[in-house]
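The next block holds one structure in the form of structure tokens; read it before the comments.
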Amino acid sequence: MDTLANLNTRQLEAVTTSSGAVLVLAGPGSGKTRVLTHRAAYRVHSMGADPRAVMAVTFTNKAAREMTSRIVELLGGDQAHLPGMTLGTFHALCARILRREADRLPFTREFVIFDDTDQNSLMREIVKQLGLDPKQYSPARLLDTISRAKNELIDVTEFASDTYFNEIAARAYQRYQEQLLLNNALDFDDLLFWTVRLLRGHDDVRAAYRRRYQHILVDEFQDTNSAQYALLRLLSGPEPDLFVVGDPDQSIYRWRGADYRNVHRFQEDYPQAQTILLEQNYRSTQTILDVAMAVIDRNPGRRRKQLFTERGAGRRVTLHEAYDEADEANFVVETIALLTQGGLDPRDCAVMYRTNAQSRTLEDAFLRAGLPYQIVGAQRFYGRREIKDLIAYLRLIHNPADRVSLLRVLNTPPRGIGDKTVAALLQLAEAHQKGPSDILLELAASPDDLFSELLDRRSRTALLSFAKPLSRWLERRESYSVIELVDEVLETIAYRSYIEDGTEEGEQRWENIQELRQAAHEFTEFGLTTFLERVALVSDQDTLSEEQNAPTLLTLHAAKGLEFPVVFIIGLDDGVLPHQRSFDDPEAMAEERRLFYVGVTRARDRLFLLRAFRRRLAGPSTLSEPSRYLHDIPPELVDGDVPSVQTWAQASYDFQTKWESPPRPLAQARFRAGMRVRHPAFGEGIVIDTQVDLDDEEIVIEFTGEGVKHLVASMAQLEILDS
DNA sequence: TTGGTCCATCTTTTT
DNA sequence: GATGGACCAA
């Protein structure tokens, strides 16, 4: 094994520097993962560390997997070194600890993990219970407030009811926590929250984990939130071997509680910490790096990095203004087709966007062109209705206390259990101080004597049709494998005939179920608990396969940590990127800029930046302004031989002056089809079509030798020759 | 009382 | 263009 070969001086220093607290500030493409994996391997191989004492934390399972295989490779492909090394996401690690220590906690080791859909349905119920107006107190907003509190490790009793909204939120928080425990469920934030509580409250547990994890390594440190940081401090103890790698410029999860200031906090909390700066980039051309720096250097209050590469300048960045989002998508598809014809692998291309909604137009364009693509996230597999249904059945079998899952599947497929019957069941449960599942099971055991007077015949029959199979599944849950349970459930509830409605969509849904069956099959030896946990903790990034040779479509968030030879970033319009929801918050705006920076720095060789002249955001399509980031890019880095760049530059100039002037009244139509006109750049042409749009007129013109152009009357200096 | 259909609503990013 | 809520027929 050679853990130290092929490292530059800085990287070598990071890998071999002695124990203690070490902070590596690593620019994009500077070998961050490399340093991390080498250090882990070096600890074990050359310093004689027990692999069991090494813990490496990442944010996605994919990153964890990748790290595992790279460490294995470094250790000479010798799997024997790895057993016992702990590699995983914060959430997976916490889930593991909590299951192990469940007897000290207010839930059992069978707890389920609620995803956002589950959280939402629970909160909706609570809003109803509290008699709140869901418009004013939307479940999403309440959950957001609660999540933020949990990330700051603030529990219900500490939650400040300093505003009227927070007073309401405090009540919702209280209920929400009660209901979670009643369901024997934890949400994502709870995984971290309870682990910190556990370690803080139990000296022996804390001591045991500290003894166990002597060497801790953290990837993407800039994305840690307060709870995660507290957890790291608790685990690493007063004499840490704590190695964190991050880049504040790539911090893009503030909205999820991440706080890049943890980087500064780290330096304050560990005054002896070594800080190592990695600036040499092994990924991109210098042009791409220069574009990236030009953009990010405008963010205030940051430590500047001078990114450099030995790769040379490379090609200039291509800017393109499309007419609308369909045109934008077509440009992407056509360009990829062209590049592919030139010998490029389709899988070397990636298309990135700010919001998932933007993927639809792209998918359309790819489909129409008959070209394959793969997409990360969007409608996440485990978020699909049919998958959630089946998982809910499994979760219920695993943990009958899970009311949210029970209520989801109780009448799916429909079996005559409507609102009234559900209400009756819940009331009965309430009256007997039991969970609704317990009532169902008792009903199944003795249908006649119990509750008969409390439920009308219809409800009882309907409930029995669910209760009977449920009790049968519960009897079998120990002896059956996951796949056997899945098949048993599918069979009993006749799920196939329920979702296959003859449409293509139904067909697709059944195929998804088959895919889940396949996944369940792979978990035969691990059992239901592990299966459900994995299902709850997979992320979109984890779904990316490298097998398919097709371009990748993904959000800028999902792109972090990846790289592609050719990158398209679409939707460079103000309001999309930066997103309009961030406009009034300077911190959020700084994050939008970082997001763009992340996108740019994914590119190895070529970068295409696209925007659309008009775009549909919400409601009708409107004219859009170019993203402010485009103005920050030095013109000499931009490819000038794309004809539309001039149009774009002019348009952007005109837009600026236009938006600064007072709104104009509705435009008068000046042009008609058939008119001959002259344009300063395109020459003479014939008007094909015109349309008045609010304060302007759009004209489609066929220019001699230049083809068809869409222009706007106020911008294009058109001269009418004759009509 | 249930279950289907229709309509309005909104759509940032996700472990 | 999905998702939840309101409305209506059986």
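Naming: A, B, ... by sequence-line order, numbering from 1 per chain. Just the heavy atoms: all of them, side chains too, but no hydrogens, waters or symmetry mates, feed the values below.
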Worksheet item: Which part of the nucleic acid does A/His579 contact within heavy-atom distance under 4.0 Å: base, sugar-phosphate only, or nothing?
Response: sugar-phosphate
Polar atom pairs (N or O), protein with nucleotides 3-9 of chain B, under 3.5 Å:
| residue | atom | partner | partner atom | Å |
| --- | --- | --- | --- | --- |
| B/dG3 | OP1 | A/Gly416 | N | 2.9 |
| B/dG3 | OP2 | A/Asn411 | ND2 | 3.0 |

In whole angstroms, the gap separating C1' of B/dT11 from CZ of A/Arg581 amounts to 8 Å
For A/Glu220, the salt bridge (Lys or Arg N to Asp or Glu O under 4.0 Å) test, sequence neighbours excluded, returns A/Lys32, A/Lys560
Practice problem: Under 4.0 Å between any heavy atoms, over every strand shown, what does A/Ser459 touch: base, sugar-phosphate, or nothing? Just pick one. | Solution: nothing
When rounded to whole Å, the CG to P distance for the pair A/Asp419 and C/dG4 reads 14 Å
Atom CG of A/Asn120 and atom C1' of C/dG4 are separated, to the nearest Å, by 11 Å
A/Arg360 CZ to C/dG1 C1', in whole Å, measures 5 Å
Rounded to the nearest 0.5 Å, the CD atom of A/Glu592 sits from the OH atom of A/Tyr629 at a distance of 5.5 Å
Does A/Tyr253 lie flat on the base of B/dT14, that is, centres under 5.5 Å apart and planes under 30° off? no
Considering only heavy side-chain atoms of A/Thr355, the closest of B/dT1, B/dT15, B/dT13 is B/dT13
| Taking the six-membered ring for Trp, is the centroid-to-centroid distance between A/Trp194 and A/Phe107 below 6.0 Å? | yes
Open item on the list: Tell me whether the NZ or CZ atom of A/Arg256 lies within the 45° cone about the ring axis of A/Tyr253 and under 6.0 Å from its centre.
Closed with: yes
note: A/Gln358, atom CD; C/dG1, atom P; distance rounded to Å ~ 13 Å
Whole-Å distance, A/Leu93 CG to B/dT15 P, equals 16 Å
Please determine if a side-chain N or O atom of A/Thr60 lies less than 4.0 Å away from the OP1 or OP2 oxygen of B/dT15. no
Show the numbers, then the answer: is there a side chain to side chain donor-acceptor pair (under 3.5 Å) between A/Glu386 and A/Asn512? CA-CA 8 Å; A/Glu386 62 278 16; A/Asn512 290 334; 2.7 Å; yes
Q) Under 4.0 Å between a side-chain N/O of A/Asn356 and OP1 or OP2 of B/dT14, yes or no? A) yes
A/Phe90 atom CZ is separated from B/dT14 atom C1', nearest whole Å, by 16 Å
For A/Glu125, the salt bridge (Lys or Arg N to Asp or Glu O under 4.0 Å) test, sequence neighbours excluded, returns A/Arg403
key: Sidechain N-carboxylate O distance under 4.0 Å for A/Arg593, A/Asp249   = no
In whole angstroms, the gap separating P of B/dT13 from CG of A/Leu556 amounts to 11 Å
From the candidates B/dT15, B/dT2, B/dT13, the one with an atom nearest any side-chain atom of A/Trp255 is B/dT13
Which of B/dT13, B/dT1, C/dG5 is nearest the side chain of A/Arg124? It is C/dG5
